[in-house]
Each structure stands twice: as C-alpha cells, then as structure tokens.
Amino acid sequence: MTDNSYSSSHFRRQPKQQRGKERVDKILNAAADIFDQVGYDAATTHQIAAQAGTAVGSLYQFFPNKAAIFNAMELRHIERVKLFWNELNTPEVVQLPLRQMIHKLITAVVELFAHPVSRVIFIQFYTSQDMFQSIDESMTQEAINFLADILQQRNPNLPEGQLNLLAEVCVHSSNAVTLSALRTSDLEHRQRLTEQIENLLMSYLEPYVGDSSNVMKVMTCPHCQSHRLSKNGQRRQQQCYLCKNCGKQFVESVMLKKGYESP
C-alpha cells in the first residue's frame, strides 16, 4: 500500500481518476486541519468542505459523514506507517553508527508527523481512542516488533525477552515525548523535545547495541558465510543457530572461533 492507495471501505464512491484522488486528498488534509483547529466533536462537514475548497455536495460524493472521513484518515495513516517501517528496516540503516541510525529514525518520524493527517490521528489516538475503527493497540505492538527486529540485527546475542523490553521502553517513551511535541504550538520547543528523544534513545540503547562492542559486526554462517541466521535453541548452554541459506546448524562457539565478519 502507498500514500495514494484508495482501498478504504469507508468511501461512498471510490475515486478512480486522478482528479478524484486529488480531491479526496484535499478533503482528508482539510479535515485534519479542521479537527486540529476546533476538535473532532465541533467540526462539521461544511467546515471541512470549505477548508478543502470544494462544495459540501462534492464531499458527500465520497464520504457519507464526518466519521467516514476520520476512518479514511486512519487508513491513510496506517499506509504511511507501513511504508515508514519498510523503508527504514534495511541493512543500510541498521548498520549505521548508533547515533546516526537513531537520528535517521527520528528524522523520519518527524517527517511522518509533519503530514496533517498523521499528526491528528496520532494525537487523537492518545486522547479519544473510542473514535477509532482501524487502529488499536496492536499497531503499537507492531512498532515494538519493528524496533525489536532492528535491535536484534544490531546485536543478535541479545535474548528475545530483553530485545522486546528494550523496544517497548523505547516506543512508549518516544511516543510520550512525541505527543508532547506535537501538541505544542511553539516550534522551537517542539524541536528541542525531538532532539531529546534522540539523546534519550542513544543513552538507553548504547550499552546494548552501541558501536563500542561487536554489535555492528554481522554474524555469518561458518558453512556458507550467509548472514541470514536465526536462533535455534541451546546446546550445552551455548546458543545454536540455523542458517536460513544452507539449512545447516552450528553453535555459538564455532562462530566465535571463526570470528565476526565485517559486512
């Protein structure tokens, strides 16, 4: 799915031509502006149509009511977040020095919430969850899983429980500060808060996935040198690995004898 996907079941009429898609984009962005200005409860479809520069009858061609507009905004936000995860969970990002990696992640988050739809959806989720039909706490869990996977790639030796705990703390703490940043109208203060998210994550994660240890070196299969490994239980108190490429197993001591290979 992309930012231009129009698969929402909340549309009264699916926009097929580019002109219709652009009109829907204007309506969703206008709705975000109106919800931001007066709140969801006080907002009206007439205000949204006026903000979008279209007739209210044109709005009703696509959306039967205000709730349908909001639900379409939910789906638009989900699409953007999924794209965000796909673009950032790559070896090029994961293997950056920790400070650079965190900066890249936070910069991408700032760009995500610079979009009015995503900003309003994020704020509303933490203030009026009962409004939502497509987004729930499972999306937060997906964010935790996304970060845990990145941390696991940086340091495959971390136990799964610890990876999940680190990711959970990072996501919840970042969301809390991000919410404060998005709700302030002081842009300089918002920037300062964003910078502190980077510092917070850097200090917290450095002992586990920082650059001073061997975590930036990639474990390889001693049989075929593939990096595509998964943990496969333990044998005599040693971690076992399974190579997804050649299908062979080996224990941690074998890998350590050969040493880590730089990517």
Side-chain angles (χ1 to χ4, degrees), residues 1 3 8 10 27-44 47-48 51 63 65-85 88-89 102-103 105-151 164-205:
M1 292 188 294
D3 222 18
S8 170
H10 303 288
I27 291 171
L28 296 184
N29 291 339
D33 290 337
I34 295 298
F35 294 158
D36 195 30
Q37 292 170 21
V38 304
Y40 176 83
D41 290 335
T44 67
Q47 290 174 316
I48 294 170
Q51 182 76 10
F63 301 103
N65 50 45
K66 181 174 65 174
I69 297 174
F70 186 84
N71 293 331
M73 290 170 60
E74 288 183 67
L75 295 179
R76 183 62 53 82
H77 176 64
I78 291 172
E79 292 173 350
R80 299 185 74 241
V81 171
K82 300 286 188 182
L83 183 63
F84 165 90
W85 289 337
L88 290 173
N89 192 358
I102 291 174
H103 178 74
L105 292 176
I106 298 304
T107 299
V109 169
V110 170
E111 292 175 356
L112 176 72
F113 290 122
H115 195 285
V117 169
S118 288
R119 184 177 67 253
V120 167
I121 289 297
F122 184 84
I123 292 174
Q124 288 293 325
F125 184 73
Y126 287 98
T127 56
S128 305
Q129 269 192 45
D130 57 335
M131 295 170 52
F132 287 76
Q133 293 188 19
S134 301
I135 296 176
D136 55 26
E137 290 294 348
S138 66
M139 193 168 184
T140 302
Q141 186 58 52
E142 287 187 64
I144 293 170
N145 295 342
F146 158 78
L147 184 56
D149 186 55
I150 286 180
L151 300 181
N164 291 332
L165 181 61
L166 291 171
E168 184 176 356
V169 170
C170 288
V171 168
H172 286 308
S173 59
S174 297
N175 283 350
V177 181
T178 298
L179 180 62
S180 296
L182 293 177
R183 297 180 76 173
T184 180
S185 59
D186 185 337
L187 297 183
E188 290 187 6
H189 185 56
R190 181 180 296 177
Q191 176 63 30
R192 288 194 294 269
L193 287 172
T194 301
E195 292 172 354
Q196 291 308 306
I197 296 175
E198 291 190 22
N199 294 333
L200 178 68
L201 297 186
M202 182 67 190
S203 299
Y204 182 56
L205 293 177

Which atoms form the tightest heavy-atom contact between R80 and H115, and what is the distance? NH1-CB, 3.2 Å
Within the side chain of S203, is there an N or O that forms a donor-acceptor pair under 3.5 Å with the backbone of L200? no
Heavy-atom nearest pair, I78 first then M139, reads CA-CE, 4.0 Å
To the nearest 0.5 Å, what is the distance between CG on L147 and CH2 on W85? 11.0 Å
Anything under 30° is parallel, anything over 60° is perpendicular, the rest tilted; go ahead and classify F70 against F132. perpendicular
Would you kindly say whether Q51 and Q47 are connected by a side-chain donor-acceptor distance under 3.5 Å? no
Where the side chain of K66 meets the backbone of Y40, is there a donor-acceptor pair that is under 3.5 Å apart? yes
Using atom types as modelled and distance alone, determine if a side-chain donor or acceptor of E74 lies under 3.5 Å from a backbone N or O of S134. yes
Is there side-chain contact between I106 and L201, with at least one heavy-atom pair below 4.5 Å? yes
Please round to the nearest 0.5 Å and tell me the distance separating atom CG of L166 and atom CD1 of I150. 13.0 Å
Which atoms form the tightest heavy-atom contact between Y204 and L165, and what is the distance? OH-O, 4.2 Å
May I ask you to say whether E79 pairs ionically with R76, meaning some side-chain N is under 4.0 Å from a carboxylate O? yes
Considering all heavy atoms of both residues, which atom of F63 and which atom of L28 are nearest to each other, and what is their separation? CZ-CD2, 3.9 Å
Do any pairs count as a salt bridge (charged side-chain N to carboxylate O under 4.0 Å, His left out) and have a residue in residues 107-132, sequence neighbours left out, and if so which ones? D36-R119
Between N175 and Y126, the two heavy atoms sitting closest are ND2-OH, 3.0 Å
Distance-only check: which donor-acceptor pairs under 3.5 Å involve side-chain atoms of residues 179-187, not counting sequence neighbours?
{"residue": "S180", "atom": "OG", "partner": "A176", "partner atom": "O", "Å": "3.4"}
{"residue": "T184", "atom": "OG1", "partner": "D186", "partner atom": "N", "Å": "3.2"}
{"residue": "D186", "atom": "OD1", "partner": "E188", "partner atom": "N", "Å": "3.1"}
{"residue": "D186", "atom": "OD1", "partner": "H189", "partner atom": "N", "Å": "3.2"}

Supply the atom-to-atom distance T178 OG1 to I197 CD1, rounded to the nearest 0.5 angstrom. 3.5 Å
Between D149 and N145 (side chain of the first, backbone of the second, donor and acceptor by atom type, cut-off under 3.5 Å), is there such a pair? no
Distance, nearest 0.5 Å, that separates CD of E198 from CG of L193: 12.5 Å
Nearest non-hydrogen partners of I27 and I48, listed with the distance: O-CG2, 3.8 Å
Nearest 0.5 Å please: distance from the CZ atom of F146 over to the NZ atom of K82. 11.5 Å
So, using side-chain contact (heavy atoms from CB on, under 4.5 Å) as the criterion, who are the partners of E168 when residues are at least two apart? I144, H172
